[in-house]
Number of protein chains: 2
Amino acid sequence: MRYKAGLETRERILGATRSLVAENGLDGTTIKAICQLAGVLPGSFYNLFASKEQAIVTVVREAIDAVDPDPDHHGTDTLQDLVAAYVRFLEESPELSRVYIRIGVSGAGSSPELTGRMVRHHQERVGRFAAAMKRQSPYLSDSLAERRAETLVLALNGIALHRIIDPAFDVAWHARALLDDAAAVS
Amino acid sequence: MRYKAGLETRERILGATRSLVAENGLDGTTIKAICQLAGVLPGSFYNLFASKEQAIVTVVREAIDAVDPDPDHHGTDTLQDLVAAYVRFLEESPELSRVYIRIGVSGAGSSPELTGRMVRHHQERVGRFAAAMKRQSPYLSDSLAERRAETLVLALNGIALHRIIDPAFDVAWHARALLDDAAAVS
DNA sequence: TTCAAATTAGAGTGGACACTCAAAGAGTCA
DNA sequence: TGACTCTTTGAGTGTCCACTCTAATTTGAA
């Protein structure tokens, strides 16, 4: 793949894959549907991607990376910053965030590649939340901060998940509620 | 279906369906696999169930009902009781709870029958949690209690969801952490 | 302009899927 | 026992899936 046309086609295919995974999930996304939406025939798809899974993995990786768009803040973010960034991601990138929730939160199911990436992502995320917590409450033990951070991250995921069922759901309000609860304790 | 043999076969099929949905999710559960696990041939399956979906809906309904095994407590349960009951369900009925989380929490995906049932279940559940909250904090406004209850229920779902990825995950600890946070605020 | 490489077209393949059906077998009554 | 219904058998059906292949077309560097 070196010509301009190929790169454009690749982007159209990834866009179609993104939409379809966001809408229908992993199993509901077929090559035929991707090709129709991208205006491409199967031959072109397989000229650019080795398999359906490769295209999907690319899109999911994209979504997982997008959750944390500015890793440079590492070490300075507050818990509020982290939660706000997540809410912003959910609200400003609806398609990517649906992909993230469907696959990153609910589980990849089959693909070990995705499962591994997902688990690592979760651990890193919990680590960042825990660090922010410790910065705010230095007397918290490491293990307690870690567990509280994990509770918060998973609760946020649960809230984000509900938006797939109810798109009108007020994610920001509920995220703030969680944050306030956590703050009240520490 | 009136003979004893048919009823037994029906139970074996539902058991197999339950295991497979818990393990592989909706799309990963095939008629062939159900029949093999149940020791039955496709003809027998379709003698007892009109479709694959019917068997799955039966199992999911079962799982949703099992989340709240004692509705007679209505009006007397505390928030602690409700959370404890959920944790007990997750720990004592691992298969059913995996079905519940996979379908009831993560979304039915295709079946409108399941989606409707799921949404109603969620609303009822939030209502019960909100009522318990108001009993504990009578000065809470209805709408605030409702929103806080929904936050709690969804956070619990997020935590339960993580058990599908990590079976060793300590659901009870994290559920308690959420509860303590909520209590600290009210 | 030439030409090899990249891209596209689109019919075709094999396999897995949900589901069907006719006939044989078993259960439950009188 | 006879007769009727329920249950099981297991090969078979059509559909949809991911993926392949060859030939035609387009690209862009020399």
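Each chain gets a letter, A, B and so on, in the order its sequence line appears, and its residues count up from 1. Bear in mind the structure is a predicted one, so any value in this text is a computation, not a measurement.
Out of D:dG10, D:dG28, D:dA18, the shortest distance to the side chain of A:K52 is found at D:dA18. Here the side chain of A:S44 is nearest to one of D:dA18, C:dT8, D:dT7, namely C:dT8. Nearest to the side chain of B:T9, among C:dG10, D:dT8, C:dC17, sits D:dT8. Of the candidates C:dT28, D:dA11, C:dT7, C:dT28 carries the atom nearest the B:K4 side chain, counting heavy atoms from C-beta on. Distance from the side chain of B:P42 is smallest for D:dG10 among the nucleotides D:dT7, D:dG10, C:dC17. Comparing D:dT9, D:dC19, C:dC19 by their closest approach to the side chain of B:S51 singles out C:dC19. Of the candidate nucleotides D:dC19, D:dG28, C:dA9, D:dC19 has the atom lying nearest to any side-chain atom of A:Y46.
Inspection of the A:N47 and A:S44 side chains reveals no N or O donor paired with an N or O acceptor under 3.5 Å.
Taking atom CG of residue B:L48 and atom P of nucleotide C:dT20, one finds them 14 Å apart after rounding to whole Å. If you measure from atom CD of A:E8 to atom C1' of C:dA6, you get 14 Å, rounded to the nearest angstrom. Distance A:N47 CG to D:dC19 P: 15 Å, rounded to the nearest Å. Rounded to a whole Å, the CD atom of A:Q36 is 14 Å from the C1' atom of C:dG10. If you measure from atom CZ of B:F45 to atom C1' of D:dA11, you get 19 Å, rounded to the nearest angstrom. Rounding to whole angstrom units, CZ of residue B:R2 and P of C:dT28 are separated by 12 Å.
Nucleotides of DNA chain C nearest to B:K32 and B:A5 differ in position, and the one nearer the 5' end is that of B:K32.
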Test log, rule ring-ring contact (aromatic ring centres under 6.0 Å, His included), inputs A:H122 and B:H162:
CA-CA 10 Å; A:H122 175 70; B:H162 194 64; 4.4 Å; yes
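With a 4.5 Å cut-off on side-chain heavy atoms, A:L79 and A:L152 count as touching.
Counting non-hydrogen atoms under 4.0 angstrom, A:L41 reaches a base of the nucleic acid.
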Determine all donor-acceptor pairs shorter than 3.5 Å in which one atom belongs to a side chain in residues 16-23 of chain A; sequence neighbours excluded.
residue: A:T17; atom: OG1; partner: A:I13; partner atom: O; Å: 2.7
residue: A:R18; atom: NE; partner: A:E62; partner atom: OE1; Å: 2.7
residue: A:R18; atom: NH2; partner: A:E62; partner atom: OE1; Å: 3.2
residue: A:R18; atom: NH2; partner: A:E62; partner atom: OE2; Å: 3.1
residue: A:S19; atom: OG; partner: A:G15; partner atom: O; Å: 3.3
residue: A:S19; atom: OG; partner: A:E95; partner atom: OE2; Å: 2.6

Pairs under 3.5 angstrom only: tabulate donor-acceptor contacts from the side chains of residues 164-171 of chain A to other protein residues two or more places apart or in another chain.
residue: A:D166; atom: OD1; partner: A:A168; partner atom: N; Å: 3.0
residue: A:D170; atom: OD1; partner: A:A172; partner atom: N; Å: 3.4
residue: A:D170; atom: OD1; partner: A:W173; partner atom: N; Å: 3.0
residue: A:D170; atom: OD2; partner: B:R147; partner atom: NH2; Å: 2.9

